Enquirer: 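Here you go, one structure.
If you're wondering where the values come from, they're calculated on a predicted model, not measured in any experiment.
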Amino acid sequence: MSVARPSRTALIYETGEPAVNGVEFLASFITGGELHGLRIGSTLDEVDRAFRLPFVDVVGEGKKWLRRDYGLVEFAFNPEPGPDWVVATASIQLHRLASDDDLARAWARSTGVEFPRYTSWEQVRAELSRTGGVPELKTTDQGGFLQYRAASSNVSVLVVDDEDEERGYRVGDGDVWALDLWAPYRAA
């Protein structure tokens with residue numbers, strides 16, 4: 001996945017590339033609908049090539065679905081006629097970083113993307129304002145969360161909307177909980 005500009009740090013990770021700021025990465029994901037070059041319909045083999053991290057697979061009964069969890073990122077796959085699975089959804093579970101410092105370090109080493117322990121929606125919005133091609137975001141109240149949905153890129157952002165939630169081992173009010181790449185519903 002290409003990002004508009006390099007990180008402010010000059011670190012080089014296993015990817016051989018300079019580190020990328022996590023907020024810049026998220027803004028690029030929201031505008032482009034790609035996660036390290038992967039989109040809805042990408043194959044399991046393509047995901048394997050894009051991510052060199054430990055994972056856990058859960059296969060649904062009758063092999064009707066597959067969920068692969070890399071800790072920070074999760075993919076859901078549907079079976080494709082033939083030998084491969086295809087991406088149905090992808091999620092970036094930012095809330096997991098609040099309680100797991102090792103997760104951010106492993107992600108940075110493997111992908112070159114540096115995430116802070118917490119990412120506020122205001123940080124992401126500020127980065128989006130500096131980014132070209134920002135999609136229109138539809139806001140929906142999700143009971144304790146606000147969802148910002150970009151139909152043009154098929155990405156939604158879930159933000160904590162609870163003044164009683166404070167940062168600690170959990171994300172706080174105004175922080176991004178997760179981002180999801182989803183396939184639009186197609187009526188038959």
Side-chain angles (χ1 to χ4, degrees), residues 1-58 66-77 84-121 123-128 130-135 148 150 153-159 170-171 175-183:
M1 168 175 203
S2 62
V3 176
R5 55 185 195 268
S7 170
R8 290 164 196 76
T9 64
L11 298 175
I12 304 293
Y13 288 95
E14 289 174 14
T15 61
E17 298 292 324
V20 173
N21 175 293
V23 174
E24 293 170 357
F25 176 83
L26 296 176
S28 180
F29 179 56
I30 293 166
T31 58
E34 286 189 3
L35 181 61
H36 285 285
L38 303 169
R39 304 183 68 73
I40 300 301
S42 293
T43 66
L44 181 60
D45 289 339
E46 291 169 324
V47 173
D48 285 342
R49 284 191 298 274
F51 293 100
R52 302 276 188 218
L53 292 161
F55 59 85
V56 174
D57 276 350
V58 178
L66 167 68
R67 183 177 65 82
R68 176 165 288 179
D69 187 345
Y70 288 96
L72 184 59
V73 173
E74 289 185 19
F75 290 93
F77 298 87
D84 213 348
W85 296 86
V86 295
V87 173
T89 64
S91 299
I92 303 173
Q93 302 292 327
L94 285 182
H95 64 93
R96 293 178 178 174
L97 295 174
S99 62
D100 190 347
D101 292 332
D102 292 336
L103 185 58
R105 283 191 291 277
W107 186 260
R109 276 191 311 275
S110 178
T111 66
V113 180
E114 291 184 315
F115 282 104
R117 188 170 176 194
Y118 311 102
T119 302
S120 75
W121 176 236
Q123 290 173 292
V124 176
R125 286 187 74 106
E127 185 61 34
L128 283 170
R130 293 185 289 274
T131 304
V134 177
Y148 296 90
S153 62
N154 298 332
V155 173
S156 61
V157 183
L158 204 56
V159 177
R170 297 173 49 143
V171 295
D175 287 332
V176 177
W177 180 268
L179 295 91
D180 297 303
L181 175 63
W182 42 271

Enquirer: Specify the closest pair of heavy atoms between Ser156 and Trp182, including all atoms of both residues, with the distance to one decimal.
Expert: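 That closest heavy-atom pairing would be N-NE1, 3.5 Å.
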Enquirer: The criterion is side-chain hydrogen bond (donor to acceptor under 3.5 Å, both in side chains); which residues satisfy it with Asn154, sequence neighbours excluded?
Expert: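 side-chain hydrogen bond (donor to acceptor under 3.5 Å, both in side chains) list for Asn154, sorted by chain: empty.
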Enquirer: Determine the minimum heavy-atom distance between Ile92 and Phe25, stating which atoms define it.
Expert: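 Scanning both residues completely, I find the closest heavy atoms to be CD1-CE2, 4.0 Å.
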Enquirer: For the CG atom of Asp45 and the CG atom of Asp84, what is their distance to the nearest 0.5 Å?
Expert: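 It comes to 4.5 Å.
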Enquirer: Any side-chain heavy atom of Ile30 within less than 4.5 Å of one from Val157?
Expert: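 Counting from C-beta outward, Ile30 and Val157 do come under 4.5 Å.
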Enquirer: List the residues meeting salt bridge (charged side-chain N to carboxylate O under 4.0 Å, His left out) with Arg117, not counting sequence neighbours, and say none if there are none.
Expert: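 Here no residue qualifies.
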Enquirer: With sequence neighbours left out, what residues match Trp85 under ring pair (Phe, Tyr, Trp, His ring centres under 6.0 Å)?
Expert: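 With neighbours one apart ignored, the set is empty.
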Enquirer: Taking side chain to side chain contact (heavy atoms under 4.5 Å, CB included) as the definition, give me every residue that meets it alongside Ser42, ordered by chain and number, with sequence neighbours left out.
Expert: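 Applying side chain to side chain contact (heavy atoms under 4.5 Å, CB included) to Ser42 gives Leu38, Arg39, Glu46, Val87.
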Enquirer: When you look at Val171 and Val176, which way does the side-chain contact (heavy atoms from CB on, under 4.5 Å) test go after all the steps?
Expert: CA-CA 8 Å; Val171 295; Val176 177; over 6 Å; no
Enquirer: Measuring from His95:NE2 to Asp100:CG, what's the distance to the nearest 0.5 Å?
Expert: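 Reported to 0.5 Å precision, the distance equals 11.5 Å.
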Enquirer: CG of Asp57 to CG of Leu66: how many Å apart, nearest 0.5 Å?
Expert: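 Between Asp57 CG and Leu66 CG, I get 4.5 Å after rounding to 0.5 Å.
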Enquirer: Working to the nearest 0.5 Å, report the span between CG of Leu26 and CZ of Phe115.
Expert: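 One gets 4.5 Å once the value is rounded to the nearest 0.5 Å.
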Enquirer: Sequence neighbours left out, what passes side chain to side chain contact (heavy atoms under 4.5 Å, CB included) with Ala150? Give chain and number order.
Expert: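 Ala150 satisfies side chain to side chain contact (heavy atoms under 4.5 Å, CB included) with Pro135, Leu137, Ser153 once adjacent residues are dropped.
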Enquirer: On a heavy-atom basis, which atom in Gln93 and which in Ser91 lie closest, and how many Å separate them?
Expert: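 Heavy atoms only, the tightest pair is NE2-CB, 3.1 Å.
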Enquirer: Show your reasoning for whether side-chain contact (heavy atoms from CB on, under 4.5 Å) applies to Val124 and Thr119.
Expert: CA-CA 8 Å; Val124 176; Thr119 302; 3.7 Å; yes
Enquirer: Is any side-chain heavy atom of Leu179 closer than 4.5 Å to a side-chain heavy atom of Leu35?
Expert: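 They are not in side-chain contact.
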Enquirer: Any idea how Phe51 and His36 line up, ring-wise: parallel (<30°), tilted (30 to 60°), or perpendicular (>60°)?
Expert: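 Judged by the thresholds at 30° and 60°, the geometry between Phe51 and His36 is perpendicular.
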Enquirer: Would you check if the side chain of Asn21 reaches a backbone N or O of Val23 as a donor-acceptor pair within less than 3.5 Å?
Expert: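 Flag set: sc Asn21 to bb Val23 pair under 3.5 Å.
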Enquirer: So does Glu127 get a backbone contact from the side chain of Thr131, meaning a donor-acceptor N/O pair under 3.5 Å?
Expert: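 Here the side-chain-to-backbone pair exists.
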Enquirer: I'd like to know if the side chain of Ser28 reaches the main chain of Glu24, judged simply by a donor and an acceptor atom lying under 3.5 Å from each other, with no hydrogens or angles considered.
Expert: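 Not at all, since once roles are kept as given, no pair shorter than 3.5 Å links the two residues.
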Enquirer: Report yes if the side chains of Leu53 and Phe55 come closer than 4.5 Å at any heavy-atom pair, otherwise no.
Expert: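 A side-chain contact under 4.5 Å is absent here.
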Enquirer: Cut-off 3.5 Å, no hydrogens considered: what does the side-chain donor-acceptor table look like for residues 69-77, sequence neighbours left out?
Expert:
from: Asp69; atom 1: OD1; to: Gly71; atom 2: N; distance (Å): 2.7
from: Asp69; atom 1: OD1; to: Arg96; atom 2: NH1; distance (Å): 3.0
from: Asp69; atom 1: OD2; to: Arg96; atom 2: NH1; distance (Å): 3.3
from: Tyr70; atom 1: OH; to: Arg68; atom 2: NH1; distance (Å): 3.4
from: Glu74; atom 1: OE2; to: Arg96; atom 2: NH1; distance (Å): 3.4
from: Glu74; atom 1: OE2; to: Arg96; atom 2: NH2; distance (Å): 2.4

